[in-house]
Amino acid sequence: SLNNLGNMANHKGNIEQAKKYLEESLDIRKEIGDKWGISHSLNDLGNVAFELGDFEQAKKYYYERLAIRNEIGNKSGIADTMTYLGITAAYHEEYETAVKLLSASEKIQESIGSVFEEKYQKIKDETTAKLREQLSEEEFIKYWEEGNKLTLDEAVALALRKDDNA
């Protein structure tokens, strides 16, 4: 499929070709109404935008993906996307939101026995360490505990806030 070609191009470092394939895949999936496929394309486009350092565009793709994954009730996809949004929030220096989303996503992943893709787990761990450096230990723990207490619906609502100022 075009999405697979896009991912292969991305893994080979041909980001522009990857983006082209993924955008074409997204268009086709939207045309046929394949929500699951749309969410996959959005995720992969978000990851490409993230790797290009275009965090605003990545966030837009992740917002759309999260809304779809929430609509279809896919907890693993919700958790993954909240992690991506937490990482992008950290890059935007939205530390409170970042910590809460990372904590909430970890709680969801643990509750369903899901694991994060190794490459992105490393980025998540690095981001969490940077957040610990940016915040006092007291602030970090407070936000982490608050994120951990969020229900699934509350966590999704936080993640989908467009202003990201929790």
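This chain uses plain numbering: 1 for the first residue, then up along the sequence. Please read all numbers here as calculations on a predicted model, not as lab measurements.
- Hydrophobic clustering of Ile, Leu, Val, Met, Phe, Trp and Tyr side chains at less than 4.5 Å, counting indirect connections, keeps L45 apart from L85.
- One distance of note links CG of N70 with NZ of K75; it measures 11.0 Å at 0.5 Å rounding.
- Within 6.0 Å of the CD atom in E138, the count of heavy atoms belonging to other residues, nucleotides or ligands does not exceed 12.
- A donor and an acceptor atom, one from each side chain of T81 and R69, are nowhere located under 3.5 Å apart.
- Between Q121 and D125, the closest side-chain pair of non-hydrogen atoms falls below 4.5 Å.
- Between I108 and M82, some side-chain heavy-atom pair lies under the 4.5 Å cut-off.
- With rounding to the nearest 0.5 Å, the separation of CD1 in I78 from CG in D153 is 8.5 Å.
- Residue K19 qualifies as open at atom NZ: its count of foreign heavy atoms under 6.0 Å is 12 or below.
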Tell me, with the steps shown, if K60 and Q57 meet side chain to side chain contact (heavy atoms under 4.5 Å, CB included). CA-CA 5 Å; K60 290 176 187 175; Q57 186 60 52; 4.1 Å; yes
CA sep, side-chain torsions, deciding dist, call: K100, E96, salt bridge (Lys or Arg N to Asp or Glu O under 4.0 Å): CA-CA 6 Å; K100 288 179 181 180; E96 180 179 346; 2.8 Å; yes
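- Checking side-chain atoms of K122 against main-chain N and O of E117 turns up no donor-acceptor pair under 3.5 Å.
- Listed for the R65 side chain is no donor-acceptor partner under 3.5 Å among the backbone atoms of L42.
- With contacts defined as side-chain heavy-atom distances shorter than 4.5 Å, the pair K59/H92 qualifies.
- Contact check for S105 versus D80: no side-chain heavy atoms found under the 4.5 Å cut-off.
- Taking the six-membered ring where tryptophan is involved, the planes of F140 and W144 are essentially parallel, since the angle between them stays under 30° and well short of 60°.
- Both Y91 and Y120 are part of a single hydrophobic cluster, where members link through side-chain heavy atoms under 4.5 Å apart.
- Between the side chains of N10 and Q17, no donor-acceptor pair of N or O atoms lies under 3.5 Å.
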Could you walk me through whether N148 and E106 pass side-chain hydrogen bond (donor to acceptor under 3.5 Å, both in side chains), step by step? CA-CA 8 Å; N148 202 21; E106 187 171 285; over 6 Å; no
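- When the options T83, T88, N47 are evaluated for a side-chain hydrogen bond (donor to acceptor under 3.5 Å, both in side chains) with Y62, the one that passes is N47.
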Determine, step by step, whether N74 and W36 satisfy the side chain to side chain contact (heavy atoms under 4.5 Å, CB included) criterion, reporting the C-alpha distance in whole Å, the side-chain angles of both residues, the deciding distance to 0.1 Å, and the verdict. CA-CA 9 Å; N74 178 258; W36 186 265; 3.3 Å; yes
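- Taking a cutoff of 4.0 Å between a charged side-chain nitrogen and a carboxylate oxygen, K30 and E64 qualify as a salt bridge.
- Here the side chain of Y63 pairs a donor or acceptor atom with the backbone of R161 at under 3.5 angstrom.
- When hydrophobic clusters are built by joining Ile, Leu, Val, Met, Phe, Trp and Tyr residues whose side-chain heavy atoms come closer than 4.5 Å, directly or via intermediates, I87 is grouped together with L135.
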Applying side chain to side chain contact (heavy atoms under 4.5 Å, CB included) to T151 and V156, what does each step give before you reach the verdict? CA-CA 9 Å; T151 65; V156 169; over 6 Å; no
Step-by-step side chain to side chain contact (heavy atoms under 4.5 Å, CB included) determination, I68 to I38: CA-CA 8 Å; I68 292 169; I38 291 167; 3.5 Å; yes
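- With ring centers used as reference points, Y84 lies under 6.0 Å from F116.
- The line from CG of N7 to NE2 of H40 is 10.0 Å long, rounded to the nearest 0.5 Å.
- Counting only distance, with no hydrogens or angles, the side chain of S25 and the backbone of Y21 share no donor-acceptor pair below 3.5 Å.
- Contact check for L22 versus L2: no side-chain heavy atoms found under the 4.5 Å cut-off.
- Side-chain contact between K35 and R29 is absent, with no heavy atoms from C-beta onward closer than 4.5 Å.
- Rounding to the nearest 0.5 Å places OG of S136 at 8.5 Å from CD1 of I141.
- Residues E133 and K130 are not paired through a salt bridge, judged by the lack of any N-O separation under 4.0 Å between the basic side chain and the carboxylate.
- Taking each heavy atom of G46 and A58 in turn, the nearest pair found is O-CB, 3.4 Å.
- Counting heavy atoms from C-beta outward, L52 and E16 have side chains that approach closer than 4.5 Å.
- Hydrophobic clustering (side-chain heavy atoms under 4.5 Å, transitive across Ile, Leu, Val, Met, Phe, Trp, Tyr) keeps I28 apart from L26.
- S103 and G147 get closest at one heavy-atom pair: OG-C, 3.6 Å.
- When ring centroids are compared, F50 and Y61 stay outside the 6.0 Å threshold.
- For the atom pair CZ of R132 and OG1 of T127, the computed distance is 13.0 Å after rounding to the nearest 0.5 Å.
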